[in-house]
Amino acid sequence: MNDETMGVPVRYAIGNHDYVNWGEYGEALFESIYGPVMYSFEVGRIHYIVTPIVHGDVKAKYTEGNVAAYVRNDLRQVSPDKKVILFNHDYCQNDETGFVLSDGLTETDLKEHNLLAWVFGHWHYNYLNEIGGIFNITTSKPDGGGIDASPAAVRSVVIVGGRLTASHCHYNDFQGARPNGGYKWSVSLGGNILYSAPAWKDGIVYAGTSDDGWPKDCGVTAVHGETGRVLWKYKTRNSVKSDIRMAGDTIIA
């Protein structure tokens, strides 16, 4: 994947398996092929910072302190009207809500520097969560999917005027999926049913849906079994990726 094959500018971030025994340090091979592991660039009103994960299969040259110092110095050059998006293979120094970097002496609170999103990949599943106006974003592999049964996907993010207005997971497994004949009715529940088998009780179908985009449209929906009419929909914070179960009058998803 590069500018020529994708038709758009492509940027690279080092992952833990990219640290290999080659050259004088773990990042050397990656840097020789793709360039530096710490750099920044701007597109429109967004300042993007790419940083290394600093741990991997082979001992890293750069430390968390190096990353914190680089980001702190980089942010000094950024206009205060710019939003910041940071890329790292892992989430923020073992704290997915704090967004604080430290070099051991000085802390940099990214929430005070217009951080819009922290984009990472190490978790191997589809997940987007908003915390106080800042987004945590990660996506499963484009082939094979994620470790929690997240389907294979590529994510696109829409930014308008310095705001994240939408995100879409482009699933490999659901393109053009349509029911075959022999059904009484069909109804769209918004998200994908994924691997969540519906439950049936007293003539009502209960189905869980998955949506890892933004704004999210996932939850549990009750559908009239004879007519297909949607009786109600309960929106969940995150996708439903397991079967629905009934326990008395309680629905478990």
Side-chain angles (χ1 to χ4, degrees), residues 1 6-13 15 40-51 53 82-92 95-99 110-111 113-177 188-196 208-221 233-242 253:
M1 297 177 68
M6 300 303 294
V8 294
V10 174
R11 302 291 181 264
Y12 303 99
S40 63
F41 60 95
E42 291 190 352
V43 178
R45 298 175 62 183
I46 307 296
H47 182 81
Y48 297 89
I49 305 175
V50 180
T51 56
I53 187 174
K82 298 277 188 179
K83 291 286 189 177
V84 173
I85 293 179
L86 196 143
F87 289 86
N88 188 290
H89 188 60
D90 206 353
Y91 61 98
C92 185
D95 182 358
E96 65 165 314
T97 61
F99 305 112
L110 298 175
K111 299 186 292 296
H113 293 273
N114 292 327
L115 183 66
L116 176 62
W118 183 288
V119 183
F120 60 103
H122 192 47
W123 289 4
H124 293 275
Y125 57 67
N126 296 325
Y127 179 73
L128 186 152
N129 194 28
E130 184 264 336
I131 303 171
I134 300 174
F135 293 87
N136 274 319
I137 303 174
T138 188
T139 312
S140 68
K141 297 185 299 180
D143 61 326
I147 60 176
D148 70 334
S150 288
V154 173
R155 182 185 297 276
S156 63
V157 176
V158 180
I159 298 174
V160 178
R163 293 190 309 111
L164 194 157
T165 60
S167 177
H168 308 285
C169 277
H170 307 274
Y171 300 109
N172 293 349
D173 299 337
F174 302 121
Q175 303 305 315
S188 174
L189 303 183
N192 294 295
I193 291 181
L194 193 64
Y195 304 118
S196 178
T209 51
S210 172
D211 184 354
D212 298 306
W214 186 266
K216 294 182 180 181
D217 187 11
C218 52
V220 178
T221 304
K233 181 172 183 177
Y234 179 86
K235 289 195 174 184
T236 52
R237 180 179 177 185
N238 293 306
S239 294
V240 179
K241 298 179 181 177
S242 57

Mind running side-chain contact (heavy atoms from CB on, under 4.5 Å) on D212 and L128 for me, showing each step along the way?
CA-CA 6 Å; D212 298 306; L128 186 152; 5.9 Å; no
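- Side chain of T209 to backbone of G219: a donor-acceptor contact under 3.5 angstrom is found.
- Using a distance-only test at 3.5 Å, with no hydrogens or angles considered, no donor-acceptor pair links the side chain of S167 to the main chain of G213.
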Set out, in order, the CA-CA distance, both residues' side-chain angles and the distance that settles side-chain contact (heavy atoms from CB on, under 4.5 Å) for N114 and H47, then state yes or no.
CA-CA 10 Å; N114 292 327; H47 182 81; over 6 Å; no
In sequence, state the C-alpha distance, the side-chain angles, and the governing distance for R45 and L116, and then conclude on side-chain contact (heavy atoms from CB on, under 4.5 Å).
CA-CA 11 Å; R45 298 175 62 183; L116 176 62; over 6 Å; no
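- In terms of heavy atoms, S239 sits closest to S210 at OG-OG, 3.2 Å.
- Between the side chain of T51 and the main chain of F87, a donor-acceptor pair closer than 3.5 Å is present.
- The nearest pair of heavy atoms linking V119 to I85 is CG2-CG2, 4.0 Å.
- A pairwise comparison of heavy atoms in P142 and A152 identifies O-CB, 3.5 Å as the closest pair.
- Between D90 and N88 the shortest heavy-atom distance is N-OD1, 2.9 Å.
- Although no hydrogens or angles enter the test, the distance criterion places no donor-acceptor pair under 3.5 Å between the side chain of K82 and the main chain of Y48.
- When the shell of 6.0 Å around CZ of F41 is examined, it contains more than 12 heavy atoms from other residues, nucleotides or ligands.
- The side-chain heavy atoms of V84 and L110, taken from C-beta on, include no pair separated by under 4.5 Å.
- Taking OH from Y171 and CG from N192, the interatomic distance works out to 6.0 Å, rounded to the nearest 0.5 Å.
- Checking side-chain atoms of D211 against main-chain N and O of K216 turns up no donor-acceptor pair under 3.5 Å.
- Annotation: the span from I137 atom CD1 to R155 atom CZ amounts to 6.5 Å, rounded to 0.5 Å.
- Counting non-hydrogen atoms of other residues, nucleotides and ligands closer than 6.0 Å to NZ of K235 gives a total of 12 or fewer.
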Which is it for N126 and S140 under the side-chain hydrogen bond (donor to acceptor under 3.5 Å, both in side chains) test, yes or no, and what are the steps along the way?
CA-CA 5 Å; N126 296 325; S140 68; 3.2 Å; yes
Sequence neighbours left out, cut at 3.5 Å: what donor-acceptor pairs do the side chains of residues 156-165 make with other protein atoms?
unit_1 : atom_1 : unit_2 : atom_2 : d
S156   : OG     : H170   : NE2    : 2.7
T165   : OG1    : V158   : O      : 3.4

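- Taking every heavy atom of both residues into account, V240 and S196 meet most closely at CG1-OG, 3.9 Å.
- Side-chain atoms of T138 come within 3.5 Å of backbone N or O of F120 as a donor-acceptor pair.
- Remark: E42 CD to K83 NZ distance equals 14.5 Å, nearest 0.5 Å.
- Here the closest heavy-atom approach between residue D217 and residue K233 is recorded as OD1-NZ, 2.5 Å.
- Looking only at distances, no side-chain donor or acceptor of W214 sits under 3.5 Å from a matching main-chain atom of N129.
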Stepwise side-chain contact (heavy atoms from CB on, under 4.5 Å) test for I131 and W118:
CA-CA 11 Å; I131 303 171; W118 183 288; over 6 Å; no
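- Atom CE of residue M1 and atom CE of residue M6 lie 3.5 Å apart, to the nearest 0.5 angstrom.
- The aromatic rings of Y127 and Y125 sit perpendicular, their planes meeting at an angle over 60°, well past the 30° parallel limit.
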